[in-house]
Amino acid sequence: MLKDLVEYIAKSLVDDPDAVKVSEVEGEQTSVLELKVAKEDLGKVIGKQGRTARAMRTILGAASTKARKRTVLEILE
Amino acid sequence: MPEYIEFEGKSIDAAIEAACAHFDAPREKLEIEILNESKSGIFGFVGAKKARVQARLADTESELLGLCTSVLTRLVEPIIGPFELRMEVEEGRVRASIDAGEAAGLLIGREGQTLASVQYLANRVLAKRWPEPVRLHVDIGDYRERQEDTLVQTALDLAERAKAQGRALSTRPLSSYHRRLVHLALQADEEISTRSKGDGPMKRVIIVPRNGRTGGDGRTGSGRSGGNGRGGRAGGRSGGRTRRPRKPAEDGRES
């Protein structure tokens, strides 16, 4: 599941995996995954010039093709 | 996995030292289990027992491959479902090849973006989870090989055009790895030099003819008009000054 995918990636990158929370807000055609991490780890999931966040979104986009549902990732501050 | 061998010593440390000497390897490279600690016994000898450990060379290679497999599975399976994976290790570098079957296109993504993202994230995770620096290279079938061949060919074509037109030409925005390929491909050509230009993660490579002016208005001696098939639009005949706004040579997309 896509939520698990995001959770797995985030937990693997941060220093404080216990603080990682992903919640899914389902809409009709689009669902939104909201990712929350410890403040100190925000940079780790965003990456230099947003590279990590972009890579996560790209993978999520490809995976949601398979799941036949558009999914977007929001990183909450 | 290799078999354990037992070692003895006056203390645990001494036993481990014996193991290191036997395998000629530092302690971190060994998997060590303590069998029993030393006992000094009465008066230091009656009933004294030596420390015993068993040790074997840690099989870091298969451990590393196991980690790579699990990371890639977690990242790739949500995109294409179950897949086959082949891997090999060479000097701090793991090469993984994914057999994605018909889903290859989906996993590669537009201009290889999805594949690049998978590789990037897998490397980030590895950097966090593996104690030594290691680089994971992910390919799908021979996709990258073909892509790299095409890129080198494009670079050579651009170099020919740059020489013929006597002006600098640039590639499309490329990743650092791909820029390196272009630099290397053109290194041997003494008539041109290459440098990177741009900002951020995706820079371009500028290919500059050595004798030409880098700003390039095509009026150097050799650049006389459209003899080269490709650059036909260079407008060499029109007397020069009315050049239309120059397009970056290959394609104008911004990253």
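Here is the naming used below: chain letters follow the sequence lines, and residue numbers restart at 1 for every chain. The model shown is predicted, which means the values in this text are computed figures rather than measured ones. Heavy atoms only: backbone and side chains are in, while hydrogens, waters and symmetry mates are out.
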query: Contact part of A/Arg51 toward chain B, heavy-atom cut-off under 4.5 Å: side chain, backbone, both or neither?
result: both
- prompt: Looking at B/Leu107, B/Val118, B/Val76, which one forms a side chain to side chain contact (heavy atoms under 4.5 Å, CB included) with A/Ile59?
  reply: B/Val118
- prompt: Shortest non-hydrogen contact from B/Ser117 to A/Thr58?
  reply: OG-CB, 3.3 Å
- prompt: Among B/Leu121, B/Ile80, B/Val125, who wins on heavy-atom pairs under 4.5 Å with chain A?
  reply: B/Leu121
- prompt: Within a reach of under 6.0 Å around NZ of A/Lys36, are more than 12 heavy atoms found that belong to other residues, nucleotides or ligands?
  reply: no
query: Between B/Arg124 and A/Lys44, which heavy-atom pair has the shortest distance, and what is it?
result: NH2-O, 3.8 Å
query: Where does A/Leu13 contact chain B at under 4.5 Å (heavy atoms): side chain, backbone, both or neither?
result: both
- prompt: More than 12 foreign heavy atoms under 6.0 Å from CD of A/Glu24: is that the case here?
  reply: yes
- prompt: Would one find more than 12 heavy atoms of other residues, nucleotides or ligands at under 6.0 Å from atom CD of B/Glu90?
  reply: yes
message: Using a 4.5 angstrom heavy-atom cutoff, name the option from A/Leu60, A/Asp4, A/Asp15, A/Thr65 with the most pairs to chain B.
response: A/Asp15
Any side-chain heavy-atom pair of B/Val71 and A/Tyr8 under 4.5 Å: yes
- line: Bottom line for A/Thr52: the part with an atom under 4.5 Å from chain B's heavy atoms is both
- prompt: Quick one: does B/Lys128's side chain get under 4.5 Å of A/Ser12's, heavy atoms only?
  reply: no
- request: Sort out for me which of A/Ala55, A/Gly61, A/Ser64 touches chain B most, counting heavy-atom pairs under 4.5 Å.
  value: A/Ala55
task: Measure A/Met56 against the heavy atoms of chain B and call it side chain, backbone, both or neither at under 4.5 Å.
output: both
